[in-house]
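Worksheet for the structure shown next.
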Amino acid sequence: MSASPDSSTRTSAAITGFERTFVDELTSLTVPWQGADTPAPRLLVVNETLAAELGLDVEELRTDDGVALLSGAAAPSDAVPVATAYSGHQFGGYTPLLGDGRALLLGELVDPNGRRVDLQLKGSGRTPFSRGGDGFAVVGPMLREYLVSEAMHALGIPTTRSLSVVATGRDIQRTGAEPGAVLARIAASHLRVGTFEYAVRNTDLTQQLADYAIDRHYPELAGSGGSEAVNRYVAFFEAVLERQAALVARWMLVGFVHGVMNTDNTTISGETIDYGPCAFLDAFDPSAVFSSIDHAGRYAFGNQPAVLKWNLARFAETLLRFMAPTPDEAIAAATDVLAGYEARYEYHFAGGMASKIGLADAPPEPDLIADLLTLMREHRADWTGTFRALADELRGDQLPVTSLIPRDQIGPWLERWRSTLARLGREPESVAATMDRVNPVYIPRNHQVDAALRAATDGDLEPFRRLLAAVTHPYERRTDWAHYAAPAPQAFSESFQTFCGT
Ligand code: AMP
Ligand code: MG
């Protein structure tokens, strides 16, 4: 691929100390590139907490030089940004070349605790991987990623983080003209299943890539060699499966619909990535689909665990030749690991559900959870609201539960639940307090997110800031945030759609 598109050499030292292990070790998966210029850059939001965690000087980020760096208009003074190559199965079909069509990896940073992360820009202009796309992004969707990723982090769910959003001052053509923006995000790395799918078909670097990923994300496996009882690439596959199974279980426990679980959006680190058409459930409905392009419901809420297994099988295929001396043995080893997937997912999901109903250390009989889910589905109960309502019930306030599921329907279940707690000698008040520590009050509700992003696109960031404050303190019930806990009006929920790649 050709080099940088532009002769401009503007640089910024607002962030220094970049490292480049990925570029150095896997050079042919990267193309040196630089961002497009920005007509009138303006910092819309910067994540002070995250900047501090990374040891960055937030005041420096607010300067013209800082904003130029965060928008891609200036390259770091001590690093060469790159676009990276990857492939992916999108909606089940293989696309041989995707890559960073509108993203730039500025480099790696090592935080004060020694943790290595990527700093990547999204929306910084065309790259050699842009295909028909314009390489840009717009304010609404970039603030959406910022808001939802930070909400996920606050919920304790592994995710890429958002450092900033800069409005570029450039109008971008979508359904109409929309204000352009660049997101700066932080990730444990941007290695995806799709990175391996690309490497195995186009390079002889797959083993090197796997070793790199093991060193960076699973250092505990780094010592195991091919001759030992467990082959290190089998162990690597199993470790990724474990982290991803735990991750998707966490999504299911908070009612998160990723919306576009293509293999290029499945990370090796086990972090959630790419908040395009994602959404949170209001009413519990396993068939819920919000993405405008997911006509067959492949990525419906309830399909996510099964889709992840499919994606993990695609990942295993890229590692087969390193897993055992013969293809048959390799297939047997991979199949064996994959066969354990359901049990690993169920372990994480059932454990999480037990915590949600106050039985963390004494998992109830499986029917108790299954029967609650059936009731919630039959009555289209609000996913997030139900678990807080159950805690209120234990404190003697019956109204919240009754407003979600008629008492004559949920009564017998409540009896069984209460008698399980009583059998364990649990004090209802203290169980309620434990439940409130794991069940959020505030999630980014679609109607609230929509309204906040519409206002932001029109220049008013206040609703976004207020919503961000609530969803990044998800367990802290506050009267002035009460409206953020309310489900969407039904008419909104029925017609709500999200859009990809915007
Ligand atoms: P995503 O659905 O965001 O995971 O993106 C899928 C692929 O489409 C990636 O290779 C992106 O880089 C690319 N892509 C999405 N939007 C654009 C755009 N506006 N311009 C260029 N490439 C894009
Ligand atoms: Mg993606």
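Atoms within a ligand are numbered from 1 in the order they appear, just like the ligands themselves.
- For Arg344, the salt bridge (charged side-chain N to carboxylate O under 4.0 Å, His left out) partners at least two apart in sequence or on another chain are Glu242.
- Cation-pi geometry between Arg192 and Tyr86 is met: the NZ or CZ atom falls under 6.0 Å from the ring centre, inside 45° of the normal.
- For ligand 1 and Gly133, the ligand atoms under 4.0 Å from any heavy atom of the residue are 20 (N), 21 (C).
- Contact annotation for Phe129 and ligand 1: no heavy atom of the residue comes within less than 4.0 Å of the ligand.
- Relative orientation of the Trp310 and His89 rings is perpendicular, given thresholds of 30° and 60° on the angle between their planes.
- With respect to Arg116 and Glu19, a salt bridge is recorded, a charged nitrogen being found less than 4.0 Å from a carboxylate O.
- At a heavy-atom distance under 4.0 Å, no atom of Glu145 approaches ligand 1.
- Contacts with ligand 1 closer than 4.0 Å are made by heavy atoms of both the backbone and the side chain of Leu98.
- At a 4.0 Å heavy-atom cut-off, ligand 1 touches Asp100 through the backbone alone.
- Inspection of the environment of the Mg ion (ligand 2) yields the following protein N, O or S atoms under 2.8 Å: Asn265 OD1, Asp274 OD2.
- By the criterion of a heavy-atom distance under 4.0 Å, the side chain of Asp264, and not its backbone, is placed next to ligand 1.
- Side-chain contact check for Val67 versus Pro41: some heavy-atom pair is nearer than 4.5 Å.
- Taking the six-membered ring for Trp and the full ring otherwise, the centers of Phe256 and Phe280 sit less than 6.0 Å from each other.
- Ion pairing between Asp274 and Lys122 holds under the 4.0 Å rule for side-chain N and carboxylate O.
- Considering both main-chain and side-chain atoms, Gln90 never comes within under 3.5 Å of ligand 1 through any nitrogen or oxygen pair.
- Proximity of Arg126 to ligand 1, defined as any heavy-atom pair under 4.0 Å, is not found for any part of the residue.
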